[in-house]
Chemist: 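Before we start, here is the structure in question, set down as structure tokens.
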Protein chains: 2
Amino acid sequence: MRRSAILDAAEAVFAEHGYNGATLEEIAERAEFGKGTLYNYFPGGKEELYEVLFEERVVGGLSAVVEAALPDARSLATPDEARAAFHDFVSGLLHHFEANRSVLRLYISEAPRAFNDPDRMTMMVRLFEGFMVTVTRAIARAMDAGALRPMPALPVAHLLIGNVRGLLMAHIASDCLPAGIHELPPLVPDETADFITTVLFDGLLARD
Amino acid sequence: MRRSAILDAAEAVFAEHGYNGATLEEIAERAEFGKGTLYNYFPGGKEELYEVLFEERVVGGLSAVVEAALPDARSLATPDEARAAFHDFVSGLLHHFEANRSVLRLYISEAPRAFNDPDRMTMMVRLFEGFMVTVTRAIARAMDAGALRPMPALPVAHLLIGNVRGLLMAHIASDCLPAGIHELPPLVPDETADFITTVLFDGLLARD
DNA sequence: TCAAAAGGTGACCGGCGGGTCACTTTCGAA
DNA sequence: TTCGAAAGTGACCCGCCGGTCACCTTTTGA
């Protein structure tokens with residue numbers, strides 16, 4: 001109870017101000033507890049709080065989405081099956097992040113932090129390994145079955161995830177701007193998933 | 001002379017430690033000048049130094065690449081022309097960032113910072129506007145000419161840039177890891193540009 | 001009812017780093 | 001050679017915030 005209230009407040013504050021800009025004071029104030037209490041639940045202080053938050057909410061959310069859309073048991077043998085599955089995956093990601101904007105911000109903000117510290121990067125790679133492996137394996141299965149043409153699967157996974165991240169970042173940016181400037185139409189997860197899936201599967205070239 | 005030496009040192013230190021982790025002390029030490037001198041060249045202190053660095057090197061670099069590869073004068077009327085032009089663009093980006101890793105890090109690290117402050121976000125949008133407009137216009141021209149099928153051009157631009165960013169981030173991550181762990185093959189800009197262009201133009205689906 | 005344990009608290013501490021400024025050095029014109 | 005201006009310097013200042021701990025409150029169970 002307390003623990004999750006602390007995590008809720010931390011999620012909001014870290015998302016709003018970033019790791020460095022967030023203060024324990026503000027987190028404590030928002031969740032209505034004293035700063036000292038935090039150390040009962042997270043003895044490692046700010047860093048541990050952030051790590052737990054990241055692992056439980058960011059990595060946990062991504063894992064849930066990928067396991068729902070791309071389980072190893074799902075057949076990806078035909079183009080239509082593959083298209084449907086990856087559409088579900090993209091749509092799941094978009095719905096998840098649409099409903100959890102602050103988790104999205106944590107996700108986007110983490111990469112630069114990891115660049116500055118090999119230990120943190122190692123941990124991040126470990127945390128995301130399961131997610132990346134599942135996505136990559138799904139791509140490889142669809143290729144092996146002949147639904148997708150053979151290519152190195154891992155870079156394709158990076159492209160797919162880069163696509164989703166690119167569009168989401170544009171939407172965060174749009175949200176951050178003062179009203180009226182450079183506004184994007186609101187994110188409609190299913191339409192956006194259609195868009196990404198179509199471009200990714202069929203390509204940009206005009207067809208006869 | 002002094003000015004650019006300061007910027008060189010700042011580029012290295014900001015790239016290595018991030019904005020918050022970088023200290024003026026270290027920048028000064030690396031470029032062999034006193035901390036006070038910095039305020040002669042950048043009266044606004046750390047923030048101004050970072051902004052100038054970002055505008056001159058990150059935005060400047062991106063603008064140079066896009067203007068070389070996708071000038072308004074370049075014909076994009078046929079699929080082959082469009083493919084060649086966007087290949088040049090992606091290849092240019094990859095070569096540029098391959099040769100300027102610290103600039104790449106600054107670029108990747110900026111987004112989260114902008115999320116936390118509407119003013120900074122507004123400035124970023126303004127700085128990148130020319131770049132985005134040029135890319136988007138090139139895509140729209142290729143669509144109008146029938147080389148690419150008609151779609152909203154701006155989201156396609158976000159996908160394209162997301163693709164490049166996604167692969168580059170994977171490479172930065174790989175570089176940051178202790179030797180031997182999860183290594184990616186080294187980045188070969190032209191091959192990677194082929195890969196991105198092929199996926200983007202032709203799609204992932206197996207063809208007859 | 002009470003005492004001990006568990007949980008909670010926020011004033012305080014210390015270091016860290018951005019920014020300042022009185023002083024020194026360098027430069028260039030007379 | 002001289003002198004005023006410009007450039008350079010780094011010890012110092014000070015606000016900030018993560019972390020601590022002595023104290024207080026609540027819970028538990030006998």
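Model, not experiment: these values are computed from the prediction. Naming: A, B, ... by sequence-line order, numbering from 1 per chain.
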Chemist: Could you state the OH-P distance from A:Y39 to C:dA6, rounded to the nearest angstrom?
Modeler: 22 Å
Chemist: Considering only heavy atoms and no angle criterion, is a donor-acceptor pair shorter than 3.5 Å present between the side chain of A:K35 and the base of D:dG19?
Modeler: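 Flag set: donor-acceptor pair detected.
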Chemist: Rounded to the Å, how far apart are B:L38 CG and C:dC21 P?
Modeler: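 Taking atom P of C:dC21 as the reference, CG of B:L38 is at 16 Å.
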Chemist: From CZ of B:R2 over to P of D:dG8, roughly how many Å is that when rounded to an integer?
Modeler: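 In whole Å, D:dG8 P and B:R2 CZ are 5 Å from each other.
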Chemist: Establish, from distance only, whether the side-chain atoms of B:E110 and B:Y19 form a donor-acceptor pair under 3.5 Å.
Modeler: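 Result is no, nothing qualifies.
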Chemist: Rounded to the nearest angstrom, tell me the gap between atom NZ in A:K46 and atom C1' in D:dC16.
Modeler: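 Distance, rounded to whole Å: 11 Å.
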Chemist: Figure out the CD/P separation between A:E25 and D:dG18, and round it to whole Å.
Modeler: 9 Å
Chemist: With nearest nucleotides of DNA chain C determined for A:Y41 and B:A22 from heavy-atom distances, which residue corresponds to the more 5′ nucleotide?
Modeler: A:Y41
Chemist: Take the protein atom CD of A:E26 and the nucleotide atom C1' of D:dG18, then report the distance between them rounded to whole Å.
Modeler: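 Checked: the CD to C1' distance equals 15 Å.
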Chemist: Keeping the roles fixed (side chain from B:H95, backbone from B:S91), state whether a donor-acceptor pair exists under 3.5 Å.
Modeler: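 Yes.
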Chemist: Just the rounded figure in Å: distance from P of C:dG8 to CZ of A:R3.
Modeler: 14 Å
Chemist: What is the distance from CG of A:N20 to P of C:dC16, rounded to the nearest Å?
Modeler: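 For the pair A:N20 CG and C:dC16 P, the rounded distance is 15 Å.
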Chemist: Closest nucleotide of DNA chain D for A:G36 versus for A:L24: which of these residues is on the 5' side?
Modeler: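 The residue mapped nearer the 5' terminus is A:L24.
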Chemist: Closest approach to the side chain of A:N40, judged atom by atom: which nucleotide of D:dC17, D:dT20, C:dT9 is it?
Modeler: C:dT9
Chemist: Do any side-chain nitrogens or oxygens of A:T23 fall under 4.0 Å of OP1 or OP2 in D:dC17?
Modeler: no
Chemist: Indicate yes or no for a side-chain donor-acceptor contact from B:R165 to the backbone of A:G162 under 3.5 Å, with no hydrogens or angles considered.
Modeler: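 Not at all, since once roles are kept as given, no pair shorter than 3.5 Å links the two residues.
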Chemist: Quick one: are the ring centres of B:Y107 and B:F97 less than 6.0 Å apart?
Modeler: yes
